[in-house]
Amino acid sequence: MDAHKLKLDFPILQNQPLIYLDTAASSLTPQCVIDTMNEYYTEYPVNVHRGVYQISYKATEKYTQARQTIADFINATFEETVFTRGASSALNLIATSYGLSHVQKDDEIIVSELEHHSHILPWQQVAKKTGAKLIYVPLNKEGRITVENFKRVLTDRTKVVALTYISNVMGYETPLQEIIPLAHQKGAIVSVDAAQAAPHKTIDVKKLNCDFLAFSGHKMFGPTGIGVLYGKQKLLDSIEPIEYGGDMNDNVELFDAVWKDTPYKFETGTPPIAEAIGLAEAVRYLQKLKPEAILAHEQKLKELAVKALLKLDGVTVYNPTSETGIINFNLDDVHPHDAVSFFDEDHIAMRAGHHCAQLIIKWLKVPATLRASFYAYNTEEDVKTFTDAVKKARDFFTSVGF
Amino acid sequence: MDAHKLKLDFPILQNQPLIYLDTAASSLTPQCVIDTMNEYYTEYPVNVHRGVYQISYKATEKYTQARQTIADFINATFEETVFTRGASSALNLIATSYGLSHVQKDDEIIVSELEHHSHILPWQQVAKKTGAKLIYVPLNKEGRITVENFKRVLTDRTKVVALTYISNVMGYETPLQEIIPLAHQKGAIVSVDAAQAAPHKTIDVKKLNCDFLAFSGHKMFGPTGIGVLYGKQKLLDSIEPIEYGGDMNDNVELFDAVWKDTPYKFETGTPPIAEAIGLAEAVRYLQKLKPEAILAHEQKLKELAVKALLKLDGVTVYNPTSETGIINFNLDDVHPHDAVSFFDEDHIAMRAGHHCAQLIIKWLKVPATLRASFYAYNTEEDVKTFTDAVKKARDFFTSVGF
Amino acid sequence: MHQLENLYRQIIMDHYKNPRHKGLTDDKNYFTHHIKNPSCGDDITIQTRIENQTIKDVRHDGSGCSICCSSASVLASLMIGKDIDHAEKLTLNYLSMIMNRPFDEDLDLDDAMAYQGVKQFPARIKCATIAWKAFENTIKEWSESHE
Amino acid sequence: MHQLENLYRQIIMDHYKNPRHKGLTDDKNYFTHHIKNPSCGDDITIQTRIENQTIKDVRHDGSGCSICCSSASVLASLMIGKDIDHAEKLTLNYLSMIMNRPFDEDLDLDDAMAYQGVKQFPARIKCATIAWKAFENTIKEWSESHE
Ligand SMILES: Cc1ncc(COP(=O)(O)O)c(C=O)c1O
Ligand SMILES: Cc1ncc(COP(=O)(O)O)c(C=O)c1O
């Protein structure tokens, strides 16, 4: 993978000097995805389904193919692939539809302090509403979920295991391949937050054998406004929709109605058409680059960067061993919001805060952190600019009295 | 308003011969809206909130301004304006959050057979789940909701009135200005489906004094993947979110969390950023054209068309008196899916089916209908092409034996 | 001439106006396959009785446009009496023809040939195939139960 | 010289490292105003005691970056002892300065002048204004209760 050549695919990297290290929040958008959505808006910008005229037929075909492309991408079927507003919406659908109807008082739901708010709060609500218990896998001293620790909290009462595939703060990968069969032995279902996995890993839901899985378009070269829920067919068949209305029903009577089959029963109203078509193009782009190659590339960059950072005094890296392109760190005694302005001046875009994952920030016992995340379009020069900037920032903040 | 000149703003109308009469499903997209979204994807395609670097700041500003633009458009405040996936999603939020917590057994919910599935099914579910009664306003013989008939079903038990502003099948406007105060006298709240109103009417939620209101971007020159929920501030303050996760909370603890204020508490996860910014541009475009001028224009076209259709034998128009640009009709004894192919051959795009409003189709006692809807970019020539095609279609289907 | 004349051939209109073998049965010896087309509302049920590798009867019912309803009638008329292997070949051939893929013009599709015009109307392909796909599923089910 | 030196002036760092008037009180005679900035997590509370049209005391607490925390300290130091009308003028003047709008350079903003550099950093304007907006709300509340 030639990251220098890749940069040419991203208009924003042509338009301005920018070292973009915030892909874990949103990836940049390649021209091909923009073009694909423009094609929709300029050549067939109409609604799908029920339109028997040609451009509506075309929109329906493109939209249908988009779902198949995305289903194939994770080795799911068309029926198992539901479009949502984003990963958050998909994760909520699982908790609200499956969770509220299957979890009972004193049942246990296993979660972790590595979860993004969008995977912890829906289950916190299920626990509150049903009287079930939220059980946290103890993290090891690096902050990881381990199989050993998972075994310590798994019981006959475990009904749901809701874990992230890759942490958006620590960049750790959860050993799901071992955890999922253990959970299944106890009869629990496993919900996987793959928002940080889909951009960097080939996800095979059949091999993983997870029950539900969710991810977002905007983190994997795709547009905003779309996400994906995967669910095993028999689970999706057995659970109820949580939104009702146009396009998700067959027959509507005054006091009753019948739903369509999955995936349609979960998708009321006009779908995110341009977004689905754009996401399919993003998937093709991602597949062309190969997720494994991207991951290897970003890991290499991350390791270079960590090595440089560890040499600096007054800089703390919280996840030096992470296996993805995320570095979570701080300049000692400098609030991350102060620090991030320094990087911004050097056109380095990074995130400061709790990254919608306050539990792990609290676990780290800091008020907030800086996060740099590398992706396919970052280069070794970017790493150098970044680590040089950290050094300069360290010196600067010390000099002004922090 | 010069509809001929206006056509130049719509790339699809430049790219191919097309008489587009399906705006009630989705409007076409003007170049300025496409450009605005492209600007996002090419110049600042990043996440909003918490990003302290410049392009994220820019994205946040643009996204925030977009909400203000849309709030101003309906005379609401920033806090009262919630972004959703679409009108369907917004209408479901009202029913699920407000409805399930405020409606009790034997309470009454007034709806109508003119409702789109997305406004009837959420309340049908509330009725089923709470034991409340769904009460249908009897339609008058034209199929309209009248103040008289509304009074006949309004009782002390009425807790919710859920009515469409403009019917997507009949094009009738509901006399909400009179109905809403009556409902309020009984202590009921009023939820308005404005999906078909926002594209053609200046909506003033303060003057209307409705409690909730919803509409979609893609029907008013905007993109797919976004809609708007309006709610009175004190109602939005008092109801609970239905999705939980990133960006909608302040403090997150292991077993508890605190929500942000409205509108944020209803918007978990990465929002539809490009879509919100695109919708704001659509609103500016709409305001420049003036909704009143659009409505006058489409009414004029519709009347021309109806006059011509009424002269034809074997054509039934179901809503000759409608006050908007929608014509709902059939060629007698020809299934609308057959008919619509004829129009497609002449590059006339129209819809055939039940238009996600089966109740009014059943009320009309037909299996399905054809719907032609006029909008700002349609011309008198379009009307002529359309009515000539109806005549030719009538002759054709008769000749082949229908 | 309007393009659409290629679609509404006389044979099709005849089967639409006078459907053959219409109406469902409760007989448990029939395979029943039901397909809905969520994108246009067509809804067709095909029932088939197979004995000794032979299609003994085909019944149909449902709602939809002329292309959809007539094609169920044409399908039933064509298939009754056919050997199952031959029926399968005819089905695949018909589907290929409609979807504008290479097909064997020598296989006798009889009245079903009238649907050749559909390929010019991509938006209507589903209308012309829904009954046949239901029938295809029947054959698949039968084959699986006879392996 | 790095642009950022315009931001982190000595006075600002001094108030950040040694905040004046910090810590909240339970005294019911104080107006309390709390502002959170959902977009960056800053969270500041300003408490004010007003007697005879005069700002008698200002207290503050909260969490955030150096700009946010120090500006609360600067605000408190500046306002204590000021007549309420003057305090309002100072507040509006400060907000105009930060937001890069015309402002009266002759009004003595004292240490608060050090925040002039913020206008070059649009993403940090909120940090520098959050405490002042809470104080502005206090004055508004006071004015409304004294009309
Ligand atoms: C009256 C009415 N209400 C609600 C909707 C649903 O809007 P959406 O499909 O954008 O969610 C529509 C559009 O289909 C409509 O016409
Ligand atoms: C691990 C993880 N889960 C869930 C989400 C939520 O995704 P979205 O904001 O697109 O709904 C994110 C992104 O913010 C994430 O990083």
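Below, chain A is the first sequence line, B the second, and so on; all start at residue 1.
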>> I'd like to know if the side chain of B:S89 pairs up with that of A:E243 as donor and acceptor (distance under 3.5 Å, no hydrogens or angles considered).
In response: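 Note: B:S89 and A:E243 side chains meet the donor-acceptor criterion.
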>> Could you check whether A:K219 and B:N47, counting side-chain N and O atoms only, form a donor-acceptor pair closer than 3.5 Å?
In response: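 Side chains of B:N47 and A:K219: no pair found under 3.5 Å.
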>> Would the distance check show the side chain of A:K362 and the main-chain N or O of B:L254 forming a donor-acceptor pair, the cut-off being under 3.5 Å?
In response: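 No; judged by distance alone, with no hydrogens or angles, the pair does not exist.
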> Counting only N and O atoms by type, is there a donor-acceptor contact under 3.5 Å from the side chain of A:S118 to the main-chain atoms of B:G246?
Replying inline: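 Yes, the answer is positive, given that a donor and an acceptor are paired below the 3.5 Å cut-off.
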Region of [X] in contact with chain A, defined by heavy-atom distances below 4.5 Å:
| X | value |
| --- | --- |
| B:L18 | side chain |
| B:E43 | both |
| B:F10 | neither |
| B:Q54 | both |
| B:T42 | both |
| B:W259 | side chain |

Contact origin within [X] toward chain B - heavy atom pairs under 4.5 Å:
| X | value |
| --- | --- |
| A:E253 | both |
| A:V340 | side chain |
| A:Y44 | backbone |
| A:T268 | both |
| A:I242 | backbone |
| A:Q125 | side chain |
| A:P271 | backbone |
| A:I55 | side chain |
| A:L359 | side chain |

>> Using the ring centroid of each side chain, check whether B:Y53 and A:F342 are separated by less than 6.0 Å.
In response: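 No, the ring of B:Y53 stays outside the 6.0 Å limit from the ring of A:F342, centre to centre.
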> Is the distance between the ring centroids of B:Y136 and A:F255 less than 6.0 Å?
Replying inline: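 Centroid separation for B:Y136 and A:F255: below 6.0 Å.
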Can you tell if the side chain of [X] reaches within under 4.5 Å of the side chain of [Y], non-hydrogen atoms only?
| X | Y | result |
| --- | --- | --- |
| A:Y41 | B:L28 | no |
| B:E275 | A:E275 | yes |
| A:N249 | B:Q358 | yes |

> Between B:Y20 and A:V46, does a side-chain contact (heavy atoms from CB on, under 4.5 Å) hold up when you go through it step by step?
Replying inline: CA-CA 10 Å; B:Y20 189 68; A:V46 299; 3.5 Å; yes
Distance (rounded to the nearest 0.5 Å) between [X] [atom1] and [Y] [atom2]:
| X | Y | atom1 | atom2 | value |
| --- | --- | --- | --- | --- |
| A:I273 | B:S26 | CD1 | OG | 5.5 Å |
| A:T270 | B:I226 | OG1 | CD1 | 13.5 Å |
| A:D22 | B:S56 | CG | OG | 7.0 Å |
| B:Y244 | A:K128 | OH | NZ | 10.0 Å |

